[in-house]
Visitor: 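I'd like to ask you about the structure that follows.
Everything numeric in this text was worked out from a predicted model, so none of it was measured. Throughout, residue positions are numbered sequentially from 1 according to the sequence presented. The figures here come from the full heavy-atom set of this structure, side chains too, leaving out hydrogens, waters and symmetry mates.
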Amino acid sequence: MAAPKPRLLDQVRAAIRVRHLALRTEKVYVAWIRQFIRFHGLRHPAELGAAEVESFLSHLAVERTVSPSTQNQAFAALLFLYRNVLLQDLGNIDARRARRKLTLPTVMSEAEVHRLLDRLDGTPRLVASLLYGTGLRLIEALRLRRQDLDFERKLLYVREPKGQRWRVTMLPESLIESLNRHLRHRYNAFRADSTVVHVPNALARKYPSAPTSWQWQWVFPASKDSVDPRSGIIARFHLHPTAIQRPVREAARLLGFPKKATCHTLRHSFATHLLQHGHDIRTVQELLGHRSVKTTMIYTHVLDLGARGVRSPLDWGKPRPPPEGVP
């Protein structure tokens, strides 16, 4: 007897995992596909096509007034469904697109950054310092393993970044002592309880001892084990992002900052301050892991140069009165 055909969303999950996409991408794509199916009265996507995709995307832009990035995310999910699961070509999609706005990143001054860091303590302070000192995204910092820190060469390896663009950045010298102290504490805890950490399935098969080896241990682990939603294996994962986001937001609130100050603001500040200190934009692009220099160019708009470096006429000072007796 032939095995029953997997349900559509299970096929989507399988296709995503074959391509080694992130778990967060899997959850987002599945959620959008569910919304698409419900929007069209629970009809199977195989019965639908480009016209129905266009109407759903237009609905998101016109009725729900979502942002351009949200609409593009939904579009990417549906393209994945049709191209990789249903094996259908949607052709050109002529949907009403959400209007894209040019938004500038919020940046803190160097003094504001240090005030924020001084307000934090413990692991939140160490992680936040890494975000500003290296330009990492929060999830990239939390995914660091012991082997990713090279203290002798003062390098930090980012091996699981957004878009799978592995890169190397600097390891701030001012953080080496704090990181060493943190890792000594981690090593003692590791020796005491023989922590088993989560390792991607392929690597776990290739290196069976990896989940219990020191080099694969998280730099910032969670406080207890949890179940891997994909494999069902019980292991230790890295710290949850909210464990850092909440203290940073609270510190900014207590300091009374009139601007948005989050973990990602520290990354924006890293890039802007490097440009202010004369580092070329290509170097900053590589350190941030941007695919295109156009993405990095946004930071040139928030440098402390006023409006294109022009001083307001009001700041020129009052003109001197002419000498007496001169008409």
Visitor: What's in the same ILVMFWY side-chain cluster as Phe237, cut-off under 4.5 Å, chained through other members?
Guide: none
Visitor: Describe, in one word, how the ring planes of His182 and Phe220 are oriented to each other, choosing from parallel (under 30°), tilted (30 to 60°) and perpendicular (over 60°).
Guide: tilted
Visitor: Going by an N to O cut-off under 4.0 Å, is there a salt bridge joining Arg159 and Glu140?
Guide: no
Visitor: Determine whether a donor-acceptor pair (N or O, by modelled atom type, separation under 3.5 Å) exists between the side chain of Thr25 and the backbone of Leu21.
Guide: no
Visitor: With a 4.0 Å cut-off on N to O distance, would you call Glu177 and Arg181 a salt bridge?
Guide: yes
Visitor: Taking atom CE of Met108 and atom CG of Leu266, what is their separation to the nearest 0.5 Å?
Guide: 4.0 Å
Visitor: Just by distance, with hydrogens left out, do Ser69 and Asn72 show a side-chain donor and acceptor under 3.5 Å apart?
Guide: no
Visitor: Could Asp148 and Arg145 be called an ion pair, given the rule that one side-chain N must be under 4.0 Å from one carboxylate O?
Guide: no
Visitor: For His59, what residues pass the ring pair (Phe, Tyr, Trp, His ring centres under 6.0 Å) criterion, not counting sequence neighbours?
Guide: Phe39
Visitor: For His40, enumerate each residue passing the ring pair (Phe, Tyr, Trp, His ring centres under 6.0 Å) test, keeping only those at least two apart in sequence or located in another chain.
Guide: Phe36
Visitor: Salt bridge check, Arg125 against Asp118: does any charged N sit closer than 4.0 Å to a carboxylate O?
Guide: yes
Visitor: Looking at Leu144, Leu126, Leu156, which hits side-chain contact (heavy atoms from CB on, under 4.5 Å) with Leu179?
Guide: Leu126
Visitor: Salt bridge between Glu112 and Lys259, side-chain N to carboxylate O under 4.0 Å?
Guide: yes
Visitor: Please confirm whether Trp214 and Tyr187 have ring centers closer than 6.0 angstrom.
Guide: yes
Visitor: Looking at Pro211, is its backbone amide N or carbonyl O close enough to the side chain of His198 to form a donor-acceptor pair, meaning the two atoms are under 3.5 Å apart?
Guide: no
Visitor: Would you mind checking if Arg17 and Glu26 are paired as a salt bridge, meaning a charged N to carboxylate O distance below 4.0 Å?
Guide: yes
Visitor: Nearest 0.5 Å, what's the OG-CZ distance between Ser58 and Arg64?
Guide: 13.5 Å
Visitor: In terms of side-chain heavy atoms, does Thr262 have a donor or acceptor partner in Thr265 at a distance below 3.5 Å?
Guide: yes
